[in-house]
Amino acid sequence: MNHFLDIHQTDPADLRHIIDHAAAMKASRQGRPRGAPDDEQPLKDHMVALIFEKPSTRTRVSFDVGVRQMGGQTMVLSGADMQLGHGETIADTARVLSRYVDLIMIRTFEEATLLEMAEYASVPVINGLTNRTHPCQIMADIMTFEEHNGPIKGKKVVWSGDGNNVFASFAHAAKSFDFELVFTGPPTLDPESSLNGLYTTERDPNKAVEGADLVVTDTWVSMHDPQSARERRHNQLRGYQVNDALMAKAKPDALFMHCLPAHRDDEVTSSVMDGPSSVIFDEAENRLHAQKSVMRWCLGK
């Protein structure tokens with residue numbers, strides 16, 4: 001049984017297998033309707049629980065569609081639907097769910113919730129996002145980069161903005177996939193100290209993106225941030241907006257990524273989002289293919 005909890009907790013050889021398998025599965029579906037089944041049905045007779053304590057568009061739809069394409073069934077549960085961590089311990093919930101389903105994906109707030117679920121579940125558990133990391137997103141990002149610009153090994157990736165949970169998974173990936181990662185953002189929003197040594201810092205975004213193969217950003221504010229925090233973050237991050245002038249300093253074939261949803265003309269201008277460097281919608285689609293491959297790996301399929 002394989003859990004997929006974080007990139008740095010998964011063997012690099014397995015990560016490479018997941019990416020390559022995802023690309024092959026995507027290629028095999030070219031020209032098919034979205035609802036058509038895959039030729040292989042590795043999840044036939046399997047039930048997958050999709051648990052959401054946080055709102056979701058891409059994670060929910062991509063996992064649900066992926067399970068169905070592979071022949072399985074899904075049970076979508078929100079935090080409000082369950083006793084998760086309230087009337088029942090996470091451990092007991094994990095034990096109970098393991099009697100009903102073959103695989104659990106959870107999108108939650110605290111990393112401790114994910115880890116306790118994995119410790120006590122007798123079926124594989126997938127990290128759909130926590131406040132600390134977002135590994136499924138970065139697997140899709142690497143897949144997207146490689147289908148456009150070849151192997152990511154040795155390439156330069158620049159993150160502009162807040163050193164958040166998505167950045168943390170990029171930092172883990174930098175070590176596993178052997179690429180250079182540069183963080184550019186204000187000191188008040190530096191990544192957590194546990195990531196030290198996995199990236200370098202350049203405060204000047206114009207210097208940071210010189211020679212970049214990929215420029216990445218994320219929203220400046222969370223859906224749960226109060227108004228005061230939103231205003232403070234805008235003031236801190238305004239100089240780190242990804243715009244045409246910044247992208248012009250990267251390599252001519254540099255790509256732009258954003259995990260979405262985006263606040264247009266805040267962290268990134270619409271001209272970059274809709275421009276020739278942007279692969280954001282390929283990136284969003286590849287959540288489906290990467291996560292299908294993750295699920296198959298978890299189940300040994």
Enquirer: Regarding D39 and R32, does a basic nitrogen lie under 4.0 Å from an acidic carboxylate oxygen?
Expert: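 Yes.
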
Enquirer: If you look only at distance, which donor and acceptor atoms sit under 3.5 Å apart when one is on a side chain in residues 249-261 and the other is two or more places apart or in another chain?
Expert:
unit_1	atom_1	unit_2	atom_2	d
K251	NZ	D213	OD1	3.0
H258	ND1	L260	N	2.9
H258	NE2	E267	OE2	2.7

Enquirer: Please determine whether a side-chain nitrogen of the Lys or Arg among E146 and R16 lies less than 4.0 Å from a carboxylate oxygen of the Asp or Glu.
Expert: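 A salt bridge links E146 with R16.
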
Enquirer: Are more than 12 heavy atoms, taken from residues, nucleotides or ligands other than E192, located less than 6.0 Å from that residue's CD atom?
Expert: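 More than 12 heavy atoms, drawn from other residues, nucleotides or ligands, come within 6.0 Å of this atom.
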
Enquirer: Assess whether a salt bridge exists between K44 and D38, defined as any Lys/Arg side-chain N lying under 4.0 Å from an Asp/Glu carboxylate O.
Expert: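 No salt bridge links K44 with D38.
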
Enquirer: If the threshold is 4.0 Å, N to carboxylate O, is there a salt bridge linking E147 and K26?
Expert: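 A salt bridge is present here (some side-chain N lies under 4.0 Å from a carboxylate O).
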
Enquirer: Indicate, with yes or no, if the rings of F167 and Y199 have centres closer together than 6.0 Å.
Expert: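 Between F167 and Y199, the centre distance is under 6.0 Å.
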
Enquirer: Return each pair, listed once, that meets ring pair (Phe, Tyr, Trp, His ring centres under 6.0 Å) where at least one residue sits in residues 11-44; pairs must be two or more places apart or across chains.
Expert: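 Applying ring pair (Phe, Tyr, Trp, His ring centres under 6.0 Å) to every pair that reaches into residues 11-44, excluding sequence neighbours, yields H17-H21.
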
Enquirer: Would a distance-only check, ignoring hydrogens and angles, find a side-chain to backbone donor-acceptor pair under 3.5 Å from R58 to A284?
Expert: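 Checking the backbone N and O of A284 against the side chain of R58, no donor-acceptor pair under 3.5 Å is found.
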
Enquirer: Does the pair R296/E40 count as a salt bridge with the N-to-O cut at 4.0 Å?
Expert: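 Looking at E40 together with R296, the answer is yes, because their closest N to O distance falls below 4.0 Å.
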
Enquirer: Report whether I152 and F183 are members of the same hydrophobic cluster (ILVMFWY, side-chain heavy atoms less than 4.5 Å apart, transitive linking).
Expert: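 They do share one cluster, since a chain of ILVMFWY contacts under 4.5 Å joins I152 to F183.
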
Enquirer: So, using salt bridge (charged side-chain N to carboxylate O under 4.0 Å, His left out) as the criterion, who are the partners of D92 when residues are at least two apart?
Expert: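 D92 satisfies salt bridge (charged side-chain N to carboxylate O under 4.0 Å, His left out) with R95 only.
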
Enquirer: Could you go through the side-chain contact (heavy atoms from CB on, under 4.5 Å) check for F4 and L15 one step at a time?
Expert: CA-CA 10 Å; F4 189 74; L15 294 171; 4.0 Å; yes

